[in-house]
Amino acid sequence: MAGLVAAARARELGAKPVVLEKGDRAGGSMLLSSGVVWRHRTLDDFRAECPGGDPSLQARIVEELDDALDWLERLGVEPVRRETGNPLTVGRRYDPRVLADVLVRAAGEVRLGEPFSDAQILATGGFGVRLARERGLLVRAAPWSEGDGLAFALARGAATTAGMGEYYARAVPGPVGEEDFVRASQLYARHALVVDDDGRDLGGAAWHESDIVQRFPDGRAWYVVDMRALQQRVRERTVADLVEAARAAGGDVRPAEQLPFELPASAKLAEPPFLAVRVYAGVTHTIGGIRVDERSRVVDADGTPVADLYAAGADAGGIFTGGYGSGLAAALVFGRIAAQSALGR
Ligand SMILES: Cc1cc2nc3c(=O)[nH]c(=O)nc-3n(C[C@H](O)[C@H](O)[C@H](O)COP(=O)(O)OP(=O)(O)OC[C@H]3O[C@@H](n4cnc5c(N)ncnc54)[C@H](O)[C@@H]3O)c2cc1C
């Protein structure tokens, strides 16, 4: 997304950008996403949720996202909803296909199937695919984000941020297809007893659940729910719907007595029978990455800008360190900033 946004903004400012896209379609992970572009309500909230992130980068998202969302509307993207459905956040929800179509048109020249060899603005979506492969985890994202932007920046003297091992994670019931990335995600750890393969309780989850999924040993766990939990709502669905989606996607859903270990006692398991769902960590994108300043300039270890090099989106790390935030918001806000900085605005 960040590359398309940067090109659209650069064109608006009179430049003639070219977007080089390694994949066979434009839009990256944005095209596969739920399309909710959001921010924490205040910088203090953002700091509390992502304490390891760079406050100056976080401030730009809080200060500029609303204007950037208005800009999207001026480009011709109508939101499908003007709220996120989450009282902790504010933002808008888009149809990702509409978002991609409008941005591709606004970006101008987009060449598919062309990995970059030189670039002014890096926006390759981080290195989630490589991180997943190295750790034996599943990928829940577009398949092209191998860290090419990071490698290019490092060769030019860039520094990296804190949290290079962190990623935005969702529990998935197995290696599901792209059409099931959203539908089959298992987002009810807060209602489940979460245990490892020896039956050890893995503890509680934050509201976004990205934390507990990163704690799955070897990227695997079980979510065990009782009858009460099945009726709980998760956004527009119930936990029972999500369990059914896991089953429909080919996941392992079984009565808890068929687990090969004893379950610990838990207040989460009050109303039998209990159901167990096999879940795996799905890497959506990395959280650490290239160090940038608040103008999206790639910087070295001293904070000195690397000449004429900018990064945006998941390539620019250190925004959500220690927590979770909207990758689409980062791509939108810093894609615009990168274009402005590259053009001296
Ligand atoms: C299922 C799912 C649901 C999500 N839901 C949400 C949500 O509701 N809200 C939210 O905020 N975030 C969501 N996200 C995350 C969001 O999609 C990402 O944070 C966002 O797309 C990151 O933007 P980006 O520009 O950094 O990367 P991308 O959008 O992935 O774009 C990076 C592009 O770079 C290309 N590329 C990679 N390497 C090269 C190379 N060497 N040369 C040229 N091109 C290259 C890739 O092919 C890709 O097209 C979701 C993600 C997924 C997968």
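Indexing begins at 1, ligand by ligand and atom by atom, following the structure's order.
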Undergrad: Can we call the ring centroids of Y223 and Y188 under 6.0 Å apart?
TA: yes

Undergrad: Any donor-acceptor pair under 3.5 Å linking the side-chain atoms of E12 with those of W71?
TA: yes

Undergrad: Regarding atom 34 (O) of ligand 1: of the candidates A123, A119, G3, which has the closest heavy atom?
TA: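 When every heavy atom of A123, A119, G3 is considered, A123 comes closest to atom 34 (O) of ligand 1.
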
Undergrad: Which bit of D148 is near ligand 1, meaning a heavy atom under 4.0 Å away: side chain, backbone, both or neither?
TA: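 The side chain, only.
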
Undergrad: In terms of residue, atom name and distance, what is the protein heavy atom nearest to atom 11 (O) of ligand 1?
TA: S326 OG, 2.6 Å

Undergrad: If you count every heavy atom of other residues, nucleotides or ligands that lies below 6.0 Å from R97 atom CZ, does the total exceed 12?
TA: no

Undergrad: Less than 3.5 Å between some nitrogen or oxygen of M1 and one of ligand 1, yes or no?
TA: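 Among all N and O atoms of M1, at least one is under 3.5 Å from an N or O of ligand 1.
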
Undergrad: Checking the side chain of D180 only, and the main-chain atoms of A184 only, is there a donor and an acceptor separated by less than 3.5 Å?
TA: no

Undergrad: Name the closest protein heavy atom to atom 51 (C) of ligand 1, giving the residue it belongs to and the distance to 0.1 Å.
TA: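 Atom 51 (C) of ligand 1 sits closest to the protein heavy atom T284 CG2, 3.3 Å.
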
Undergrad: Quick one: nearest non-hydrogen protein atom to atom 21 (O) of ligand 1, plus distance?
TA: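 So the nearest neighbour among protein heavy atoms is M30 N, 3.2 Å.
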
Undergrad: Does atom CZ (R235) have a neighbourhood of more than 12 heavy atoms from anything else shown, all under 6.0 Å?
TA: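 At most 12 heavy atoms, drawn from other residues, nucleotides or ligands, come within 6.0 Å of this atom.
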
Undergrad: What is the nearest protein non-hydrogen atom to atom 30 (O) of ligand 1, stated with its residue, atom name and distance?
TA: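 I find the closest protein heavy atom is S29 N, 2.8 Å.
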
Undergrad: Looking only at protein heavy atoms, which one is nearest to atom 5 (N) of ligand 1, and what is the separation?
TA: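 Its nearest protein heavy-atom neighbour is S34 N, 3.2 Å.
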
Undergrad: Polar contacts were defined as any N/O atom of the residue lying under 3.5 Å from an N/O atom of the ligand; does this apply to A2 and ligand 1?
TA: yes

Undergrad: Pairing donors with acceptors under 3.5 angstrom, does anything connect the side chains of S185 and R140?
TA: yes

Undergrad: Should V36 be counted as touching ligand 1, given the test is an N or O pair under 3.5 Å?
TA: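 Between V36 and ligand 1, an N or O pair is found under 3.5 Å apart.
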
Undergrad: Heavy atoms only, cut-off 4.0 Å: how does L328 contact ligand 1, side chain, backbone, both, or neither?
TA: both

Undergrad: Using heavy-atom distances only, which candidate in W144, F127, W38 approaches atom 38 (N) of ligand 1 most closely?
TA: W144

Undergrad: How about E262: does its CD atom have over 12 heavy atoms from other parts shown lying under 6.0 Å from it?
TA: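 No - once you tally the heavy atoms of other residues, nucleotides and ligands closer than 6.0 Å, there are 12 at most.
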
Undergrad: Under 4.0 Å from ligand 1, counting heavy atoms only, is it the side chain of R140, its backbone, both or neither?
TA: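 The answer is both.
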
Undergrad: Would you say G27 contacts ligand 1, with heavy atoms under 4.0 Å as the rule?
TA: yes

Undergrad: So, T124 versus S145: side-chain donor-acceptor pair below 3.5 Å or not?
TA: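 No - no donor-acceptor pair under 3.5 Å links their side chains.
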
Undergrad: Return the residue, atom name and 0.1 Å-rounded distance of the protein heavy atom closest to atom 22 (C) of ligand 1.
TA: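 Nearest neighbour among protein heavy atoms for atom 22 (C) of ligand 1, to 0.1 Å: G327 O, 4.2 Å.
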
Undergrad: So between K22, E178, E146, H285, whose heavy atom ends up nearest atom 44 (N) of ligand 1?
TA: K22

Undergrad: Would you please determine whether V37 falls within less than 4.0 Å of ligand 1 on a heavy-atom basis?
TA: no

Undergrad: To which protein heavy atom is atom 49 (O) of ligand 1 closest, and what is the distance rounded to 0.1 Å?
TA: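 Result for atom 49 (O) of ligand 1: E21 OE1, 2.5 Å.
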
Undergrad: Where is the nearest protein heavy atom to atom 50 (C) of ligand 1: which residue, which atom, and how far?
TA: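 Here the closest protein heavy atom is S33 CB, 3.5 Å.
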
